[in-house]
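The structure under discussion appears below in the form of structure tokens.
Residue numbers start from 1 in every chain, and the chains themselves are labelled A, B, ... in the order their sequence lines are given, proteins ahead of strands.
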Amino acid sequence: AFIAKKLMNMYSRCGNTPKAMEIFTCLHPKDTFAWNIILACHCRNNSLDEAYELFQQIPAPDLISWTTLLSAYAHCGHPDAAKSVFDRMPLRNEVSWNTMLAAYANNDRLEDAKRVFDSMPGRNLVSWNTLLDGYAQNGHISCMTALFHGMPQHDLISWTCTLSSLAQTGRMEEAVLVYESMPERDMITFNALLDGYAKYGHLVQAKSLFDSLPETNLISMTVILVGFAQSGRMRQAKEIFDRM
RNA sequence: GUUACUGCUUAUGC
């Protein structure tokens, strides 16, 4: 049963709902843990309606079942449906509050997000990052900057959200300042800055950043390739292409 | 017991 649940989760993450369902069907007894795995599987890979149907069949849904459903509505761009799930939850914790916050923040409902943020019983770094990214994604750069400076702590995600937002909107001077202040970086950080350079025509800077990277991946290659190709530097584009 | 929350970093397709 141990292994069965592990397997279900693996299939779920690979998007193979039929295989996950096959195991679930054979599984006895089906505890809430197992139900939650198959629910999360449908939330990730199938329609909301199917997920909701499944949720209704869970004999004893727990906090995780409720939060999984909430998260599905949040990710599918239905903040109001998410709110109604949230209101019907028999209990809530930090994660469910953060999920509700994300439902608003990721769907450009920043006033509502801020209201949730201010009224939640506790705020952790995920809460701060969620609101920060809401501002970042929706182009509220000054709110983002203010929040960034008001946060109690920053982690790699806080820094990268901010960098990415500046780079996406072509504020390359500020993006570089953030980049240079970062205590740590990863591939997402590199690629976010690289993409800003490439997108806004700074191909020389893009190439020199690219050459200095400790490692590259398929995304870095694609970013620089597209940058060269779209600016008509076909010889350099071909050079990258041949290396892929 | 990686069962639920924050990075949508590229392109293509739709």
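Taking atom CE of A:M221 as the reference point, atom C1' of B:A11 lies 14 Å away to the nearest angstrom. If you take CZ of A:F228 and P of B:U10, they are 18 Å apart, rounded to a whole angstrom. Here B:U10 presents its P atom at 11 Å from CG of A:L194, a figure rounded to the nearest Å. Atom CZ in A:F210 sits about 14 Å away from atom C1' in B:U9, given to the nearest Å. Summarising the geometry, the separation between CD1 on A:I219 and C1' on B:U12 is reported as 13 Å, rounded to the nearest angstrom. In this structure, the CZ atom of A:F190 is 16 Å from the C1' atom of B:U10, given to the nearest Å. Between the CZ atom of A:F241 and the C1' atom of B:A11 there is a distance of 13 Å, given to the nearest Å.
Counting non-hydrogen atoms of neighbouring residues, nucleotides and ligands closer than 6.0 angstrom, the NZ atom of A:K30 exceeds 12 such neighbours.
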Return the polar atom pairs (N/O with N/O) between nucleotides 3-7 of chain B and the protein under 3.5 Å, or none.
| unit_1 | atom_1 | unit_2 | atom_2 | d |
| --- | --- | --- | --- | --- |
| B:U3 | O2 | A:N36 | ND2 | 2.8 |
| B:A4 | OP1 | A:R13 | NH2 | 2.9 |
| B:A4 | O4' | A:T68 | OG1 | 3.3 |
| B:A4 | N1 | A:N93 | ND2 | 3.2 |
| B:C5 | O4' | A:T99 | OG1 | 3.1 |
| B:C5 | O2 | A:N98 | ND2 | 2.8 |
| B:U6 | OP1 | A:H75 | NE2 | 2.9 |
| B:U6 | O4' | A:T130 | OG1 | 3.1 |
| B:U6 | O2 | A:N129 | ND2 | 3.0 |
| B:G7 | N1 | A:D186 | OD2 | 3.0 |
| B:G7 | N2 | A:T160 | OG1 | 3.0 |
| B:G7 | N2 | A:D186 | OD1 | 3.1 |
| B:G7 | N2 | A:D186 | OD2 | 3.4 |

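A distance of 6.0 Å or more separates the ring centres of A:W35 and A:F55. Taking the ring centroids of A:F86 and A:W66, they lie at or beyond the 6.0 Å cut-off.
Nearest heavy-atom pair, A:L156 versus A:E184, reported as atom, atom and distance to 0.1 Å: CD1-O, 3.3 Å.
The cationic group of A:R185 lies under 6.0 Å from the six-membered ring centre of A:Y179 and within 45° of the ring axis, placing it in a cation-pi geometry.
Taking the charged nitrogens against the carboxylate oxygens, A:R115 and A:D112 do have a contact shorter than 4.0 Å, which makes a salt bridge.
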